[in-house]
Colleague: 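Sharing a structure here in structure tokens format.
Here the structure is a predicted model, which is why all the values come from computation and not from measurement. All ligand and atom numbering here is 1-based and tracks the order in the structure. The chain is numbered in sequence order, starting from 1.
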Amino acid sequence: MTTVTEIAPDVYRISAYESNFKLQFNHFLVKDREPLLFHAGMKGMFPLVREALARIIDPATIRWIGFSHFESDECGSLNEWLQVAPLAQPLCTVVGALVNVTDFAIRAPRWILEEDVLDTGKYRFRLYATHHLPHSWDAGMLFEETNRTLFASDLFLHGGEVEPLVDTDVVGRARKAMSDFQSTQLLNSISYSSTTGRQMAKLAALEPRTLAIMHGSSFAGDGGEAIRNLASAMKEVLGKGQ
Ligand SMILES: [Fe+2]
Ligand SMILES: [Fe+2]
């Protein structure tokens, strides 16, 4: 069961709720001359997500398949998408391309540096390398400059079958999720290091208007403030002793 919601102009959130994890898995399609899918999603969810995406565009027309880092929910079904979309290319960070994707994917990836712009027609994307944020050294964050949408991957993760888009407090929800995970001592999914604060400040300076969040509700509003508040919460919950 998937739900499709347009969370910003031409940005569609395709959400599948996994009740075993009590977690939403969200995939974002940006409809443009060169359609871009951010988060290929897990292989097991591919038929569901493809069916939902087909309600918006013909899956064969996808041109770019981006993701933050190499994990099943980010790119497990990358090759399945590349098979249905003959012109599609993976879009990832340089580290992602060199370490994983060149070997894994059936088609060569396109990697871009943060000074590069990917123009898909109406929209312009930058991909910021954010090593180990939210986790993994190949991590990156995609930013669409025209409407100021940040594709935030696992940042702001929160559980539950929640609304597609909110303009209220996503930081409180994310803080609670981090605290709950921290208390298990097993599930510290967000890494915290000496570079986290600097990287979060850089993302906040983009002043996004929409945060496209992989797990949980997306957020519309002052994204810069939300990222700064999340950085404080991360320091408090995850950075104890640092
Ligand atoms: Fe992840
Ligand atoms: Fe994730």
Colleague: I'd like to know whether the aromatic ring centres of Phe104 and Phe70 sit less than 6.0 Å apart in this structure.
Modeller: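 Here the rings of Phe70 and Phe104 have centres that are less than 6.0 Å from each other.
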Colleague: Between Arg126 and Glu145, does any NZ, NE, NH1 or NH2 come within less than 4.0 Å of an OD or OE carboxylate oxygen?
Modeller: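 A salt bridge links Glu145 with Arg126.
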Colleague: Less than 6.0 angstrom separating the ring centers of His158 and His215, yes or no?
Modeller: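 His158 vs His215: aromatic centres not under 6.0 Å.
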Colleague: How many N, O or S atoms of the protein are nearer than 2.8 Å to the Fe ion (ligand 2)?
Modeller: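 The number of such protein atoms is 4.
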Colleague: Is the ring centre of Phe38 less than 6.0 Å from the ring centre of Trp64?
Modeller: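 Centroid separation for Phe38 and Trp64: 6.0 Å or greater.
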Colleague: Just how far is it from atom CZ of Phe67 to atom CG of Asn100, taken to the nearest 0.5 Å?
Modeller: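 Separation between the atoms: 8.0 Å.
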Colleague: If the threshold is 4.0 Å, N to carboxylate O, is there a salt bridge linking Lys176 and Asp180?
Modeller: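 Yes.
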Colleague: Return the name of the atom in His69, of element N, O or S, nearest to the Fe ion (ligand 1).
Modeller: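 Output for this pair reads NE2.
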Colleague: Starting from the Fe ion (ligand 1), look over the N/O/S atoms of His135 and name the nearest one.
Modeller: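 Within His135, restricted to N, O or S, the Fe ion (ligand 1) is closest to atom NE2.
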Colleague: If you look at every heavy atom in Gln24 and Ser217, which pair is closest and at what distance?
Modeller: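 Closest heavy-atom pair between Gln24 and Ser217: OE1-N, 4.1 Å.
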